[in-house]
Q: 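Sending over a structure as structure tokens; questions will come in a sec.
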Amino acid sequence: MATSTEALISVQHLVKSYHNGAVLALNDCSIDVCRGEVVAVIGPSGSGKSTLLRSLNLLETPTSGAVYFDGVNLADPSVNIDRHRQKMGMVFQHFNLFPHKTVLQNITMAPVKLKKKTPSQAQAQAMALLERIGLSDKANEYPNMLSGGQKQRIAIVRALAMEPEVMLFDEPTSALDPEMVGEVLDLMRSLAKDGMTMAVVTHEMGFAREVADRVVFMANGAILEQGTPSQIFDAPKDPRLRDFLAKVL
Amino acid sequence: MWWSNLFTEMRPSDFLNFSFLPKYATAFVRGIEYTLLLAVFSVLLAVIPALTLALMRLSKNRLVKGISGAYIALFRSTPMLVQLSIIYYGLFYAISLPRVTLLGFVDISRFVPGVVALALNSSAYVAEIFRAGILAVDAGQNEAARSLGLSSWQSMRLVVLPQAIKNVLPALANELVTMVKESSICSVLGMAEMMFAAKTIAGSTGISLAPYTLAALVYFCINYPASKGIEAIERRMRRGDKH
């Protein structure tokens, strides 16, 4: 649901290598994500999808290339990355909820500590978010009391509490039991409907086809093909994409 | 038997000849208290320097990392008695302490150098405990905190350290047990802890063995239950650790 064509994130010639260039995780990747757009990144494991996504908020430091967010090159070491990360929510495969904090504290910690909200404002917002996902009764539980699907939905809400301009999802359903995948995808679907800008690394082809505005196919650290879901899934051009789709569909 | 005359001067009862107790029980109990004070204070005093050393050790700055590494190496590779002597005769020769006695039996001018030496030594070991504890916290925790926009220090303080400290509490308690034993070395410099009490009693009564047997018994009765208790707590913590 692209509402404008202005690029919120612009990745230019991104290279990430390990062991002094012996391993090339990203090989000259360039991609834009526009405001309000949902971009799904698909590809075989080890193709660099997660590395690309993690480069967007500099959890991976690029070897070379630029990552523009709101016009600022985050790869520039003089940029205060913490300030920009506040506007980029991230959801991880393994949830990474803070086990020593309650659900409510997980959600309110960052907004309060970063002085975006007073404790009472943050709490009211957290309760509203928990209400939205139907987990307000879990506010004072610790994460180890929750199911995987509940944990991931709370992790999403924790990122939303910072009121980000973009949400990055790193295989958000890959660690879930099959019966819990649906509830997490439903929440992501409703975020997309609300116009949230999203970049999603996923193995859920059905979700990519249905929700994404654009699908990006990666293999061996390079972006090989991108287009609308129907272009990618119904008329794939690259032989490796065809091969990949034949295996997963 | 050929060996029977090896033991002519010694009877089994010598080990347990506690006839000194009525007269010296108070002195001995004070020795026990002194030992416990030394151990508790030195471990408590070691916690903050140890945490600092551990964070320095994990720093990206090579100089900061090197200083911490050198400190840890120095204190782990030289004998405690040598460290104690250098600190007592060197550092506390320069710093003169008041001759004040606390609780009626703790002479500050000896106790403080003892605690400082034990704490400096202990902080090298506790630093490694903390470092391992910090590294044991899943990297995803730090990533999640950083991705929310928290600074590296905020992530460390609010997310990583609380989990690391919980993980290392049993190891810290074990360090306390170690210190109860190691503090016996302070007797060499005249600190009136348990070993010193035993030595004094042996010297003034002529009962040369039993005071040390009693000291051994008391050390054991403090440390064995303590370490068993720690093991039990560790087991329970591991059970509650599913998250």
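Below, read A as the first sequence line, B as the second, and so on, with proteins coming before strands; counting in each chain starts at 1. The basis for the numbers below is simple: all heavy atoms, side chains too, and nothing from hydrogens, waters or symmetry mates.
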Q: How long is the span from the CD atom in A:Glu60 to the CD atom in B:Glu143, to the nearest 0.5 Å?
A: 7.5 Å
Q: Could you tell me whether the side chain of B:Gln141 and the main chain of A:Leu97 form a donor-acceptor pair under 3.5 Å?
A: yes
Q: Any idea which heavy atoms bring A:Arg158 and B:Ala144 closest together, and the distance?
A: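 What the structure gives for the nearest pair is NH2-CB, 3.5 Å.
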Q: Any idea which heavy atoms bring B:Leu158 and A:Lys113 closest together, and the distance?
A: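 Closest heavy-atom pair between B:Leu158 and A:Lys113: CD1-CG, 3.6 Å.
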Q: Less than 4.5 Å apart, any side-chain heavy atom of B:Pro162 and any of A:Phe98?
A: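 Heavy-atom side-chain distance check fails, nothing below 4.5 Å.
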Q: Output yes when a side-chain donor or acceptor of A:Asn57 lies under 3.5 Å from a complementary backbone atom of B:Ser147, and no otherwise.
A: no
Q: I need the residue from A:Arg54, A:His100, A:Met90 with the largest number of non-hydrogen atom pairs under 4.5 Å to chain B.
A: A:His100
Q: Quick check for you: among A:Met88, A:Arg85, A:His84, which has the greatest number of heavy-atom pairs under 4.5 Å with chain B?
A: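 Of the options given, most contacts go to A:Arg85.
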Q: Heavy-atom distances under 4.5 Å only: say whether A:Lys87 touches chain B with side chain, backbone, both or neither.
A: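 Interface part for A:Lys87: neither.
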Q: Need one label for A:Arg83: side chain, backbone, both or neither, based on atoms under 4.5 Å from any heavy atom in chain B.
A: neither
Q: Check whether A:Leu146 gets within reach of chain B through its side chain, its backbone, both or neither, counting any heavy atom under 4.5 Å.
A: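 Neither the backbone nor the side chain of A:Leu146 comes within 4.5 Å of chain B.
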Q: Nearest 0.5 Å please: distance from the CD atom of B:Gln154 over to the CE atom of A:Met109.
A: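 One gets 8.5 Å once the value is rounded to the nearest 0.5 Å.
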Q: Measure A:Met162 against the heavy atoms of chain B and call it side chain, backbone, both or neither at under 4.5 Å.
A: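 Contact with chain B is through the side chain of A:Met162 alone.
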Q: Which pair of heavy atoms, one from B:Leu148 and one from A:Ala159, lies closest together, and at what distance?
A: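 So the two residues come closest at CD2-CA, 4.1 Å.
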Q: Should we say atom OH of B:Tyr88 is surrounded by more than 12 heavy atoms from elsewhere, each under 6.0 Å from it?
A: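 Atom OH in B:Tyr88 is crowded, with more than 12 foreign heavy atoms closer than 6.0 Å.
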Q: What pair of heavy atoms forms the shortest contact from A:Asp82 to B:Leu150, and how long is it?
A: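 It is OD1-O, 3.6 Å.
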Q: Mark yes when over 12 heavy atoms from residues, nucleotides or ligands other than A:Asn20 sit less than 6.0 Å from its CG; otherwise mark no.
A: no
